[in-house]
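Bear in mind the structure is a predicted one, so any value in this text is a computation, not a measurement.
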Amino acid sequence: MFDYVQNEYNPEPRFTVAHPPATSGLVRYLPYSEAIVVDVPNTSEELAERQDARYWAEIRRRERRFTDAFGPLSVRGVTDPTELADLLPQVQALYAERWSGEYTSLPWKRPAGFAPYADALIDLASKGRGELAVAEGDGRLLAFSYCLYERPWAYMYQHAATPQERYRRFGPGKLLLVDLLRRLVADGGFEHLDLMLGDAAYKREWESWRRDVHVAIHAPDTVIGRARLWTRTMAHQARSEVQFGHPWLRRGAKRALAGAESLTNVVRR
């Protein structure tokens, strides 16, 4: 769970932004991806200076046009357990809609796979260590961000916006990120917002710097363990070629994985 964010729900992360030595056995750290980090400004004035006047005019225009078309747009953070219990099933449904027909290794497409993450957020939010940021309008959830807080770091662990074009043209995901940054500034207890894995345009707009993400491969310090370490290293590198290599190869692999996922779901039913 939670990629490289270490907590009681993810005590031994497979991914890491550090390279701690192995306490026992063998460990190898292999390059995986990059995470975009936003340095949280100290004041709202500093936040405004991060973007030009045209950016903020576009944000206001999107908010106004959505209101004209569909009524009020609500963008907020939710930590109340009762509200979270009501919203989290909608989060799972939106995630499944967003990734319908596409492969994703995160098990959120099915309620059973999402359930441990829902329980974790309710618990962490009650301790001030988590939040569900949401954009709502026209009677539905339009975008969400599953946020984890380990001060002075905030993590935007998962984020998705509706794929429906009549709402996407207003950029609910972009409006949600702006609101999240404003609230982190107002809180005063955060120095960095880690946008985590993925090199999307909405992340690059706010990028301050990046940090390398590695995958940790463990094996016992034995002859068999060394062979296992080599095998797992080769398998990881092969997957990386599929995930980050030539576009046509990625597309073909994703189609194959999505087909296998669909077949698995049919068998489960």
Side-chain angles (χ1 to χ4, degrees), residues 1-38 99 102-110 112-117 119-121 123-124 127 129-130 146-159 191-200 203 207-247 249-254 256-258 260-261 264:
M1 293 177 73
F2 305 147
D3 293 337
Y4 50 83
V5 182
Q6 187 171 21
N7 57 28
E8 58 268 41
Y9 293 96
N10 195 34
E12 296 182 356
R14 178 168 174 257
F15 297 102
T16 180
V17 290
H19 292 167
T23 55
S24 63
L26 303 171
V27 62
R28 181 172 295 171
Y29 296 99
L30 302 174
Y32 182 75
S33 185
E34 291 181 324
I36 293 176
V37 177
V38 183
W99 289 99
E102 296 186 53
Y103 174 76
T104 170
S105 60
L106 196 68
W108 284 21
K109 281 189 177 181
R110 302 175 68 248
F114 180 72
Y117 294 85
D119 293 342
L121 185 58
D123 178 48
L124 292 169
K127 301 171 181 175
R129 296 168 55 206
Y146 187 118
C147 301
L148 301 170
Y149 297 148
E150 300 291 342
R151 296 169 186 266
W153 284 83
Y155 298 89
M156 202 168 81
Y157 169 60
Q158 288 293 331
H159 168 84
E191 297 177 8
H192 311 286
L193 170 61
D194 189 335
L195 301 179
M196 303 195 69
L197 302 176
D199 188 19
K203 297 182 179 183
E207 178 180 344
S208 299
W209 52 285
R210 298 186 179 207
R211 55 180 177 170
D212 293 330
V213 180
H214 288 73
V215 61
I217 299 179
H218 297 268
D221 189 4
T222 63
V223 173
I224 294 176
R226 293 188 190 95
R228 185 180 302 167
L229 189 69
W230 182 86
T231 301
R232 290 176 176 174
T233 298
M234 293 300 102
H236 166 76
Q237 291 174 342
R239 286 194 297 269
S240 294
E241 285 298 321
V242 171
Q243 188 166 0
F244 303 112
H246 197 283
L249 181 60
R250 289 203 309 271
R251 287 194 295 269
K254 285 184 176 181
L257 289 167
E261 183 181 62
T264 300

Go through Leu124 and Glu8 one step at a time and tell me if the side chain to side chain contact (heavy atoms under 4.5 Å, CB included) criterion holds.
CA-CA 10 Å; Leu124 292 169; Glu8 58 268 41; 3.8 Å; yes
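- Every residue was checked against the side chain to side chain donor-acceptor pair (under 3.5 Å) condition with Glu12, not counting sequence neighbours, and none meets it.
- Residue Ser33 comes nearest to Leu197 through the heavy atom pair CB-CD2, 3.9 Å, listed as atom of the first residue, atom of the second, then distance.
- Qualifying side chain to side chain contact (heavy atoms under 4.5 Å, CB included) partners for Glu191, counting only residues two or more places apart in sequence or in other chains: Pro152.
- Take Asp123 and apply the side chain to side chain donor-acceptor pair (under 3.5 Å) test, not counting sequence neighbours, and it matches Tyr9, Lys127.
- One N or O on the side chain of Asn10 and one on the backbone of Asp3 form a donor-acceptor pair closer than 3.5 Å.
- The minimum heavy-atom distance between Met1 and Ala120, with the atom names listed, is CE-CB, 4.1 Å.
- With sequence neighbours excluded, the residues satisfying salt bridge (Lys or Arg N to Asp or Glu O under 4.0 Å) with Arg151 are Asp187.
- Applying the side chain to side chain contact (heavy atoms under 4.5 Å, CB included) test to Glu207 and every residue at least two apart in sequence or in another chain returns Ile36, Arg204, Arg210.
- Among residues two or more places apart in sequence or in another chain, the ring pair (Phe, Tyr, Trp, His ring centres under 6.0 Å) test is passed with Tyr4 by none.
- By the side chain to side chain contact (heavy atoms under 4.5 Å, CB included) test, Trp209 is found to be paired with Val37, Asp39, Trp153, His192, Arg211, residues two or more places apart in sequence or in another chain being considered.
- Take Arg228 and apply the side chain to side chain donor-acceptor pair (under 3.5 Å) test, not counting sequence neighbours, and it matches no residue.
- Salt bridge Arg226/Asp221: present, at least one basic N to carboxylate O contact under 4.0 Å.
- Formation of a donor-acceptor pair under 3.5 Å by the Tyr155 side chain with backbone atoms of Phe2 is not found in this model.
- Residues forming a side chain to side chain donor-acceptor pair (under 3.5 Å) with Glu150 (at least two apart in sequence, or on another chain): Arg129.
- Remark: Asp119 pairs with no residue by the salt bridge (Lys or Arg N to Asp or Glu O under 4.0 Å) rule, at least two apart or across chains.
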